[in-house]
Protein chains: 4
Amino acid sequence: MPLTMNREVFITCAVTGSGGTQDRSPHVPRSPQQIADSAIDAAKAGAAVVHCHVRDPETGAPSRDPALYREVTERIRDSGTDVVLNLTAGMGGDLLFDGTETMNRMSQRSDMAGAEERVAHVVECRPEICTLDCGTMNFAEADYVMVNTPGMLRDMAARMTASGVQIEIEAFDTGHLWFAKQLVAEGIIKDPVLVQLCMGVPWGAPDDLNTFLAMANNVPADWHWSAFALGRNQMAYVAASVLAGGNVRVGLEDNLWLDKGVLATNAQLVERAVGVIEGMGARVITPAEVRTRLNLEKRAPLAR
Amino acid sequence: MPLTMNREVFITCAVTGSGGTQDRSPHVPRSPQQIADSAIDAAKAGAAVVHCHVRDPETGAPSRDPALYREVTERIRDSGTDVVLNLTAGMGGDLLFDGTETMNRMSQRSDMAGAEERVAHVVECRPEICTLDCGTMNFAEADYVMVNTPGMLRDMAARMTASGVQIEIEAFDTGHLWFAKQLVAEGIIKDPVLVQLCMGVPWGAPDDLNTFLAMANNVPADWHWSAFALGRNQMAYVAASVLAGGNVRVGLEDNLWLDKGVLATNAQLVERAVGVIEGMGARVITPAEVRTRLNLEKRAPLAR
Amino acid sequence: MPLTMNREVFITCAVTGSGGTQDRSPHVPRSPQQIADSAIDAAKAGAAVVHCHVRDPETGAPSRDPALYREVTERIRDSGTDVVLNLTAGMGGDLLFDGTETMNRMSQRSDMAGAEERVAHVVECRPEICTLDCGTMNFAEADYVMVNTPGMLRDMAARMTASGVQIEIEAFDTGHLWFAKQLVAEGIIKDPVLVQLCMGVPWGAPDDLNTFLAMANNVPADWHWSAFALGRNQMAYVAASVLAGGNVRVGLEDNLWLDKGVLATNAQLVERAVGVIEGMGARVITPAEVRTRLNLEKRAPLAR
Amino acid sequence: MPLTMNREVFITCAVTGSGGTQDRSPHVPRSPQQIADSAIDAAKAGAAVVHCHVRDPETGAPSRDPALYREVTERIRDSGTDVVLNLTAGMGGDLLFDGTETMNRMSQRSDMAGAEERVAHVVECRPEICTLDCGTMNFAEADYVMVNTPGMLRDMAARMTASGVQIEIEAFDTGHLWFAKQLVAEGIIKDPVLVQLCMGVPWGAPDDLNTFLAMANNVPADWHWSAFALGRNQMAYVAASVLAGGNVRVGLEDNLWLDKGVLATNAQLVERAVGVIEGMGARVITPAEVRTRLNLEKRAPLAR
């Protein structure tokens, strides 16, 4: 079936991520307050969805402390700025080894959590959306394996669904998208289905257009989808995703730069994406419209 | 650059694999003698290359005992039938877990070997080609992760090259092909480069044509390549790969069936592939021609 | 939306065409009796549909004499062999020029008929299907333009629909498929829609897989479709089309050869296609099943 | 071979075209002076190449009067602004009919010129580049056929090459690109080869990404290429073409709008394209760099 341009596009801003980027740009938010503020600015600039990780407020190192997620959630919900909150559930599947002759034991640097622990903050904060990294792969440069086994994915997805949280499937390669269809076929992920095509994350799908279209063509017609590319192709993929019928994601998790030599803020990246989308003749939709499309329930502030 | 049909095609027969197929067909060879005999029959039927795993001669369970590889190698080299021998180096990266709440320890059922051990049989037998599974992924139905980290791949590839053995990169998804280019860029894999596109292995790249073409388009113009699909699309992918400019792989490792309800032998699958290739107007090339193309050195029998 | 393999495939045999092939193979049928006989043999071999042109019985030159079409139709309907009859309506749009400095007049060798004349045999014979070549292009080697303007296509399509004949859109390039969608959008072509993707006809879409998939991906999900490639890739495209979800066309109109140096009959090409399809695990469907799928009405013999 | 992003991009501005757009925007230039001025402004904004048609200075109707081309050429060359001049040779192949029952005669409204006449202005003005529309097709809404037969294309191309003018092949569909390769194979078009992929011109290739990539993948690795899409996808295709490795074309010939409701000037469209390209991390190259790349000779002013 043809790829048809999307004329009503929602923007997700990936606010901070878990990468070691906090020392490479002063704009990468670390503390819950910084993360919430940057998310709110992104929403004001046009992002309907904000995708948040949390970090150690001092060091900026990645964290999965539920208290930090809770503070981010509270600050955003209390802000008066409407936005759909999307929390990562990607932490806790970090497997490392200490060398190629000691593969029979995990490195102490690994962070391998159980399913319950990995979704604890989702169950507690009940964001409207949370992510599910839909496979296992070598991730980025170091000898780090992102581990999400089929059993773990089934377990986590069931917990997310039981909590009333919309799953955003993250597909980092074509096989992840294939397994996502399996989860839908098994009834573990239910309608409406939402998938993010993650292009250019080493060593997943590269961000060339042939690979992107193979993935876009493989999204079922009744799913909702978005895409992004890491790094300097971020804005090019805003255009490519809209052309192919998808929504878009930008933000400092994926790219630090506005222009050559100019470090970006999240709001600036969102503004740039709005310009690209509107320049193409499409419209940027609101959080309320995203909720209608994905059948999301707007959350009340967390009980305190 | 355009995909152009390959008019001179070599066939690899994947003779037995490591899957639990030995009880599903009487034709899946188990003992070194059975494996060698089936490989030789495949060569006589037109396979220029035979890709061999070894199995426990009694149970058919996968094995990585160098003595079994040695016996297969000797039997094939002594047979008087010319064929290029390709041994797997895929064993020894099997990671399992015992449940989604105990992810912080490996299951005892894991088989995680060091780099030296994983290539020991390659160093000893010096096949003309050995395989390198170029990434980490959830593999097939069970909660089994095929682990090949970047560091491990660099280490194994360097050992293979040092042994004078041609590497066949196995790319199970688009990210594996991307990392293979990285190994070539780093000089760890040297010209001529050979890659096998492995389609339809859960949970790697699915075997639809869009995904296949994304991978085929991403093979550099000066690399040699082949492709296969698992299961009932095996023969369709013989046609597709030739059309896209590649070589082909068939065999019982990937597919047990000749026709609906008819279990195949390796030789029969090779014969069927020869028919498809010749029916398309292409020619099946010989082991000697493969050696010229890949700059391989024909091996003498192993010293005893 | 993903391309999914077609597991229930119908075969069209293009029996004779209009090309200058009649002197290149003794098997290319010329007279109505030869054409009908070859069509019937093709049906017996597994073709559910036979696509027929007519030729001058003596010279084999292409003809559009309604009496010849009528004889072919009668012979096939009277044969007792069930098959869906598909008559070409491609004749009568042949524009030639006599040199590059006399472009302001048509060559006398042109055959440019009006809409009524071009569909006269369709109205008279009422085949279950007739073709509509959905565009204008340089056709094959000589300076011959196949002319089918938008206005002519609208006119012819309306006449075909009014006669109760199912249209098979012939798309020789991506723009033809685009215009076909326009005719459907205008309501001139009605459900069920059937399109044939014609690959490798100079100077339309080439028969490489990238172009083929661009076209296959652009067929709306609720259309029926088939594909073929000219010449030696005919059988490869049987496999490719089935893999991509389509039906198939073979026959002497498109390819004269069974194997290198072996001239084919229509029945042999159909048999070969049956083998490829069944080898892929798909089933070849019957004329009755095609009628159900396309909502066709089986015709009674022509009144005489 | 992979599509790799182009990091050094040249912009062509298609200044005015031949479409009936002159009454739809006050910015569409009509007179030679207006055309030259708009081209010069586009060059100042970053276009390395300006592609010009001429029009009747009063009515804005398309013209192929060599005197008008000469005036445009003189004005641009005398301007002191450096830019590569590209003149269309697309006029003079307009075939129309007066109805679907009178197809055996050309309409008086046709404009069918001989080869010599079609390239007269090219021979006289010796632009650095001229275009060659590489096929025949139904063009846009009316019953107008753009006629460029193989013989005519061979004739025109030979005249262009003999004049020392670089040919820019215009490929409006996949078959046009195929025939362009034929002209190169015949030695009629010589290195360096330059092709423009024209997306979204009815009824040629539609501007969906699958079709675009089929064409981009089919450009030989040693050709230079550019792409554009008609209408509101113009800027999206700037991004897509750069991502796929190509150069870009914008301008009022293809698109009148800067934003919804805001009519553009050529300079504004070029500025917008520069922003997209630089935002992607690529560099816009100069006329001098284009000349080096295409081996063009900078022209002296025309003798008077």
Side-chain angles (χ1 to χ4, degrees), chain A residues 1-7 9 199-200 205-218 227 229-246 248 250 255-262 264 268-269 271-284, chain D residues 1-7 9 199-200 205-218 227 229-246 248 250 255-262 264 268-269 271-284:
Chain A
M1 207 173 70
L3 299 176
T4 308
M5 182 175 155
N6 184 8
R7 306 232 164 248
V9 179
M199 309 302 299
D207 65 353
D208 69 286
L209 283 176
N210 281 314
T211 304
F212 172 58
L213 283 204
M215 294 185 75
N217 281 309
N218 272 353
L230 221 61
R232 61 184 173 181
N233 285 344
Q234 183 168 74
M235 286 304 150
Y237 266 80
V238 168
S241 185
V242 172
L243 264 180
V248 308
V250 293
N255 164 43
L256 297 177
W257 300 94
L258 186 64
D259 288 308
K260 196 164 228 175
V262 183
Q268 286 171 326
L269 293 171
E271 278 162 20
R272 179 70 60 89
V274 170
V276 171
I277 294 164
E278 294 184 345
M280 292 170 67
R283 188 170 68 82
V284 174
Chain D
M1 207 175 68
L3 300 176
T4 308
M5 181 175 156
N6 184 7
R7 306 233 164 247
V9 178
M199 309 302 299
D207 65 353
D208 70 285
L209 283 176
N210 281 313
T211 304
F212 173 58
L213 283 205
M215 294 186 76
N217 281 308
N218 273 352
L230 222 61
R232 62 183 172 180
N233 284 344
Q234 183 170 74
M235 287 304 151
Y237 265 80
V238 169
S241 186
V242 171
L243 263 180
V248 308
V250 293
N255 165 44
L256 296 177
W257 301 94
L258 186 64
D259 288 309
K260 195 163 229 178
V262 183
Q268 287 171 325
L269 292 171
E271 277 162 20
R272 179 70 59 90
V274 170
V276 171
I277 294 165
E278 294 184 344
M280 291 170 68
R283 188 170 69 82
V284 175

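Quick note on labels: first sequence line is chain A, next is B, and so on, each numbered from 1. Remember, predicted model here, so these are calculated numbers, not experimental data.
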Fill in: Heavy-atom pairs under 4.5 Å with chain A, option from D:N210, D:V276, D:D259 with the top count
D:N210
Practice prompt. Could you pull out the closest heavy-atom pair between D:D208 and A:L3, with the gap in Å?
Written response: CB-O, 4.0 Å
Discussion item. If we define contacts as heavy-atom pairs under 4.5 Å, which of A:T4, A:N217, A:T211, A:L258 has the most with chain D?
Written reply: A:N217
Worksheet item: Nearest heavy-atom pair of D:A240 and A:L209: which atoms, and what distance?
Response: O-CD1, 3.6 Å
Worksheet item: Relative to chain A, which segment of D:R7 carries a heavy atom at a distance below 4.5 Å: side chain, backbone, both, or neither?
Response: side chain
Worksheet, complete the sentence: Taking every heavy atom of D:A239 against every heavy atom of A:A239, the minimum-distance pair comes out as CB-CB, 3.6 Å
Worksheet entry | For A:M280 against D:N233, the heavy-atom pair lying closest together | O-OD1, 4.4 Å
